[in-house]
Amino acid sequence: AGESVELVAPADAFPLLAPALRRAHAAGVRLALASVGSATLDFAAVATAAEADWPGAPLIAVIDLRSAVIAARRDAAVSGHWSTAPAFVAAARHLHRAFAQAR
């Protein structure tokens with residue numbers, strides 16, 4: 001990421017993602033992070049998102065407003081889609097806002 005990362009992820013994903021997010025933060029990338037469950041990072045705020053009607057734990061990411069992932073995790077399995085299509089990226093941004101603001 002060179003400009004921004006918008007992310008909703010399960011709380012237990014943040015320790016695994018922390019090194020990459022820390023590098024992005026140190027490079028001046030804007031981070032908008034939310035977690036279903038309680039998650040903390042020592043370098044960036046992580047909002048707590050409410051549980052929602054989603055087929056598993058949500059995993060939603062928008063990178064630099066140009067690419068996105070919309071997925072769900074059930075147990076150890078993750079399924080979803082990645083795209084650079086503008087409509088898909090817009091949908092992922094909408095979902096990020098909905099999860100991040102639903103408390």
Side-chain angles (χ1 to χ4, degrees):
E3 298 170 16
S4 63
V5 173
E6 300 175 25
L7 174 68
V8 176
D12 61 349
F14 280 88
L16 300 171
L17 296 170
L21 292 171
R22 182 185 306 276
R23 283 190 299 276
H25 176 72
V29 172
R30 182 185 63 78
L31 302 178
L33 310 174
S35 171
V36 177
S38 179
T40 59
L41 295 172
D42 62 358
F43 56 90
V46 181
T48 301
E51 296 289 332
D53 185 20
W54 198 255
L59 178 56
I60 299 161
V62 179
I63 309 301
D64 294 336
L65 305 178
R66 289 191 285 269
S67 63
V69 172
I70 299 176
R73 184 186 77 189
R74 284 192 174 164
D75 300 319
V78 176
S79 61
H81 295 279
W82 167 86
S83 180
T84 58
F88 189 87
V89 173
R93 292 193 76 213
H94 176 74
L95 285 169
H96 177 269
R97 283 192 297 273
F99 273 103
Q101 294 174 2
R103 289 187 209 120

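Values in this document were obtained by computation on a predicted structure and should not be read as measured data.
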Nearest heavy-atom approach of A9 to L59 is CB-CD1, 3.9 Å
So, do D42 and R22 sit near enough that their side-chain heavy atoms are less than 4.5 Å apart? yes
Please collect all ring-ring contact (aromatic ring centres under 6.0 Å, His included) contacts where either partner lies in residues 51-72, sequence neighbours excluded, each pair once. W54-F99
Heavy-atom pair with the smallest gap, counting every atom of D64 and A1: OD2-CA, 3.5 Å
When the side chains of residues 33-40 are checked against the rest of the protein, which donor-acceptor pairs come out under 3.5 Å, sequence neighbours left out?
| from | atom 1 | to | atom 2 | distance (Å) |
| --- | --- | --- | --- | --- |
| S35 | OG | A11 | N | 3.3 |
| S35 | OG | G37 | O | 3.0 |

Using only atom types and a distance under 3.5 Å, with no angle test, would you say the side chain of H96 pairs donor to acceptor with the backbone of A32? yes
Any side-chain heavy-atom pair from E6 and R93 closer than 4.5 angstrom? yes
I need the minimum non-hydrogen distance between L7 and A61, along with the two atoms involved. CD1-CB, 4.0 Å
Determine whether I70 and L95 satisfy the following criterion, side-chain contact (heavy atoms from CB on, under 4.5 Å), listing intermediate values before the conclusion. CA-CA 9 Å; I70 299 176; L95 285 169; 3.8 Å; yes
Determine the minimum heavy-atom distance between A71 and V78, stating which atoms define it. CB-CG1, 4.1 Å
Under the side-chain hydrogen bond (donor to acceptor under 3.5 Å, both in side chains) rule, what pairs show up with a residue in residues 73-91, not counting sequence neighbours? D12-R73
Is there a side-chain contact between V69 and I60, using heavy atoms and a 4.5 Å cut-off? no
Please write out which residues are connected to V62 in a hydrophobic cluster, directly or through intermediates, given that two of Ile, Leu, Val, Met, Phe, Trp, Tyr count as joined at side-chain heavy-atom separations below 4.5 angstrom. L65, V89
Under the side-chain hydrogen bond (donor to acceptor under 3.5 Å, both in side chains) test, residues paired with R23 that sit two or more places apart: none
Do you reckon L17 sits in the same ILVMFWY cluster as V5, going by side-chain contacts under 4.5 Å, direct or chained? yes
Scan for ring-ring contact (aromatic ring centres under 6.0 Å, His included) pairs involving residues 3-33, sequence neighbours excluded, and state none if there are none. H25-F43
